[in-house]
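Written out below as structure tokens is the structure these notes cover.
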Amino acid sequence: MKITEFQEQLFIADFEAGFTDMELYFERTEKFQCGLHQGEVDSYVTSETLGVTFRGLFKDKMGYSFTEHLDAESLTFLILQARENAEVNEDESQETLFSGSEHYHIQDFYAEQLNELSIPDKLNILRDIEKSLYQIDHRVLSTDMLVLESSSTERGIINTKGLNLHDRNNHMVVVVSAIAQQDSQIKSAYVIHFTQDPEALIPEVIANQAVKEVVSQFNPQNAESNNYAIVLRSDAAASLLHVYSTIFSAENTQAGNSLLKDSVGEIIAAPIIQVVDDPFLANGLYSRTFDSEGTATELRSIITDGKLITLLHNRKTAEKDKTVTTGHAYKSSYKDSVGVSPTNMYIVPSESSREDLIASVQEGMLITQLSGLHSGASTVSGDFSFAAKGFYIKDGVVAYPVNQLTIAGNFYDFLKTVDQIGSDLEFSSEGHGYVGSPSLLIRQLVVTVDS
Amino acid sequence: MKCAFHAAQAFSGTSTIDLIPLKKELAQILHPISMYPRDVEKKRKIDFLKKASEYAQNYHSSIQQVYVRYVDAEQQVLIANSEGKYIEDTRVRSRFVIQSIAAEDNKLQAGFYAPGSSKGFEFLEHLDLQHYAHEASRIAVTMLNASPCPSGKFPVIIDNEFGGVLFHEACGHGLEASAVAKNNSVFANRIGEKVASDIVTYIDDGTLPNEWGSINIDDEGEHSRKNILIENGILKGYLIDKLNGRRMDAESTGSSRRESYRFAPTSRMTNTYIAPGKSTREDIISNTENGIYAKYMGGGQVDPATGDYNFAIMEAYLVKDGKLGKPVRGATLIGNGPTTIKHIDMIGNNLSHGAGMCGASSGSIPVNVGQPMLRVSEITVGGSEGGN
């Protein structure tokens, strides 16, 4: 059955079943993924999914149901499940359906040139990367992951309040995790490249970056466990900000899960910090013209000169806080109920290069990778303690790699002690939203070295 | 058809396979279900959650928020392949999740507990809700008044149950054929070698009755079994799926798993645990002069190529002169898996299992991690209070 035909039949049947307001959300995802290991295709997946979520008001309570089958049997299933779920829903602040924003930004985030890339072309990209990896440095031993994934997503919302929205987005990502050996030392490192432009994906450049990242770790030295000034490289800074991006969600402040409750208008960060959320960012993984409830998205300042300008809201959280939605309603798949997520949110870069930041450090650490991000971070208290890869900085120069270490601190203090911001914006894609940061110079964090 | 066409583009050259006629097999039911979740009214499930929430809320005045969640799932699988395998199974799982948040003077701390089982509604019905609710709240309240954890090298006592997550990450992943077959594991090509201290026996067993990580058959239709991975410190075996088994010239160990039809299966863990030893809880603590006691572990991760891991401790205490001391917060353990298992110097007799979700290339799957209380003679602890 076609999606429009299914929707029409569903709304008629639901009306008869006693639903008042009704909404159908659909998501069609096409994915292709291939992996290579020592010349051989190691993994290969193609998939196409169309999923729909129905939600409707039954006796003033919202009930949800979803399916991947667009057939007559599913009509009955969706109605019965949504009705049963509405009946057990005890949430006091009920969601309502939306009739639409006044104005929607018009932009297509779909890159045709990506669609034109054939499967053999994609495999060749991986083959070229792999060849380069082993050519560039004889210490490269293996790859743990050499994967290319392309995906496109089409979303739509149709409801009985007159909303009828539709948009699409596509991307390609290459992940390279290289393993290298020197004497008895084994090191690994990974690089991730997102793009919408296949021309911008140069296999040699990616291979080079991965090799440089892994071999730079050989012959680590010990360093004293101490408090150090930290240069947090852009990709590591982005991953840290990403983990803590949840504290900006009004869902979390309202649930008592974030200390930013009642902080709008307060200084929460160093005055040099500007954070924006840009739903129209070119190549942005979360670029969109409307959110999961159908609200028009807008470019917004989240932090200006260190001051918190707004939290991220959907319609339900906005109502609770007596404000208006910021267009951050989000569901990670059609199956999810509506939550809150940033779109493309980042710390605005400055003019200083990463080298400038390092040059201003007398003694400190350059941190290039954080791991254990979710387990090591309490988004509730702000405390964090992460395993990290890093280098010792002496007199403004990166001196040598250091054994595995941890950095510990508190994110709320961290925001206030950012002393310099770099120009090298990088994004993190692990989690909800696409969250970015340039390299940051932090006054002081506790560093423990595994000696 | 479009997908099949795309799939065919991966192959080059010509080869054909001989199809063997399918022979239907019945999966042996190792984990019987008495109440299918779909037959239970939603309201009954919700009533349990409300009760749990009340227990947690009433535990202490500083409890500000309680989340309770209940998930049940029924997964039907059918596996047919060109070797003639044709088998079906139904998997039922239930899990109860509770998080308490304690607040005081602009400080927030969370406590968490999430038991799970391969059972139907009987799981929730027989669950000691008060115990789990009180534990979640107790952890949050305890951590509210905890001091920052000191950093440095310490003997670390890890308690039983979910404590096993450390060895799941630090050793279990390195024993999966997906890493071993590509030589991307520190344990590759080392069968018969001593890889752990003599008192360590490490087992993966998908047949433990109704445990969270248990399966009747794996996702290639192979029956689940008990696999001894390390015995008295000697490496005995790996967790092997058919594809990697071909690369390694080894038989499947019934360890091929995937989240759903959307993922290709690969070698994964089921219920993995360190076998019990002889020490009592009291022996271990009273023999520790200056250490850290990890009562409940948080999550963590490992780099399988190097074995380097990191873990958060959810509830930790100092141990001084053989006695438990004050609670400490913000502790992370870092180290190297293959080194850490050599440094296990005491193993308790109180084996128990904890439920978790494990994410990897074949998706997110339920697994149990388990161990008795044990002690590692030295691990680097990264806390926010510098210097030891």
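Within every chain, numbering begins at 1; the chains are lettered A, B, ... in the order of the sequence lines, protein sequences first and strands thereafter.
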Task: Region of A:K187 in contact with chain B, defined by heavy-atom distances below 4.5 Å - done: backbone

Open item on the list: Which atoms of A:L405 are under 4.5 Å from chain B, going by heavy atoms: the side chain, the backbone, both sets, or neither?
Closed with: backbone

- [ ] Give me the one residue out of A:F414, A:F411, A:F386 that meets ring pair (Phe, Tyr, Trp, His ring centres under 6.0 Å) with A:Y244.
- [x] A:F411

Open item on the list: With a 4.5 angstrom heavy-atom cut-off, is it the side chain or the backbone of A:S177 that approaches chain B, or both, or neither?
Closed with: neither

Open item on the list: At a 4.5 Å cut-off on heavy atoms, which part of A:I179 comes close to chain B: side chain, backbone, both, or neither?
Closed with: side chain

- [ ] Please indicate whether B:R69 has more than 12 foreign heavy atoms, meaning atoms of other residues, nucleotides or ligands, lying under 6.0 Å from its CZ.
- [x] no

TODO: Determine, for B:K43 against B:D47, whether the closest basic-nitrogen to carboxylate-oxygen distance falls under 4.0 angstrom.
DONE: yes

Open item on the list: Is A:L141 in contact with chain B via its backbone, its side chain, both, or neither, using a 4.5 Å heavy-atom distance?
Closed with: neither

Task: A:D42 bridged to B:K182 by N-O distance under 4.0 Å - done: yes

Open item on the list: Can you confirm whether A:R139 sits close enough to A:F218 that some side-chain heavy atom of one is under 4.5 Å from a side-chain heavy atom of the other?
Closed with: yes

- [ ] Tell me, for B:Y67 versus chain A, whether the close heavy atoms (under 4.5 Å) come from the side chain, the backbone, both or neither.
- [x] side chain

Open item on the list: So for B:A305, is it side chain, backbone, both, or neither that comes closer than 4.5 Å to the heavy atoms of chain A?
Closed with: both

Task: Under 4.5 Å from any heavy atom of chain B - which part of A:S258 - done: backbone

- [ ] Select one option (side chain, backbone, both, neither) describing which atoms of A:V447 are under 4.5 Å from chain B's heavy atoms.
- [x] neither

TODO: Please tell me if the side chains of B:F311 and A:S375 come closer than 4.5 Å, counting only heavy atoms from C-beta onward.
DONE: no

Task: Residue pair A:A236 / A:L370: nearest heavy atoms and the distance that separates them - done: O-CD1, 3.7 Å

Task: Max heavy-atom pair count under 4.5 Å with chain B, selected residue of A:A387, A:G372, A:G382 - done: A:G372

Task: Region of B:F112 that comes under 4.5 Å of a non-hydrogen atom in chain A - done: neither

Task: Residue selection (most heavy-atom pairs with chain B, distance under 4.5 Å) from A:L373, A:N257, A:V88, A:I407 - done: A:N257

Open item on the list: Tell me every residue that passes ring pair (Phe, Tyr, Trp, His ring centres under 6.0 Å) with B:F121, counting only those two or more places apart in sequence or in another chain.
Closed with: B:F48

- [ ] Check whether A:N403 gets within reach of chain B through its side chain, its backbone, both or neither, counting any heavy atom under 4.5 Å.
- [x] neither

Run the side-chain donor-acceptor check on residues 140-150 of chain B: report pairs under 3.5 Å with partners two or more places apart or on a different chain.
residue	atom	partner	partner atom	Å
B:T142	OG1	B:R138	O	2.6

Open item on the list: Applying side chain to side chain donor-acceptor pair (under 3.5 Å) to B:Y309 and B:T340, what does each step give before you reach the verdict?
Closed with: CA-CA 10 Å; B:Y309 65 80; B:T340 301; 2.8 Å; yes

Open item on the list: Between A:A408, A:S43, A:G256, who has the most heavy-atom pairs with chain B when the cutoff is under 4.5 Å?
Closed with: A:G256

TODO: Please look at B:Q109 and chain A and tell me whether the side chain, the backbone, both or neither of the residue comes under 4.5 angstrom of a heavy atom of that chain.
DONE: both

TODO: Pick one of side chain, backbone, both or neither for B:N183, based on which atoms fall under 4.5 Å of a heavy atom in chain A.
DONE: neither

Open item on the list: Within the structure provided, determine whether A:V175 and A:E149 are in side-chain contact (heavy-atom separation under 4.5 Å).
Closed with: no

TODO: Would you mind checking which part of B:V186 comes under 4.5 Å of any heavy atom in chain A, side chain (CB onward), backbone (N, CA, C, O), both or neither?
DONE: neither

Task: Residue part contacting chain B, namely of A:N410, when any heavy atom lies under 4.5 Å - done: neither

Open item on the list: Does any part of the side chain of A:Q33, heavy atoms only, come nearer than 4.5 Å to the side chain of A:V147, both counted from C-beta?
Closed with: yes

Open item on the list: Can you tell me which portion of A:D450 sits under 4.5 Å from chain B's heavy atoms? Options are side chain, backbone, both or neither.
Closed with: both

Task: Portion of B:I334 that has a non-hydrogen atom of chain A nearer than 4.5 angstrom - done: both

Task: Check: A:S142 and A:H37 side chains under 4.5 Å, non-hydrogen atoms - done: yes

Task: Largest heavy-atom contact set with chain B, pairs under 4.5 Å, which of A:V380, A:L445, A:T143, A:D383 - done: A:V380

TODO: Among B:M314, B:K107, B:K50, B:E169, single out the residue with the greatest number of heavy-atom pairs under 4.5 Å to chain A.
DONE: B:K50

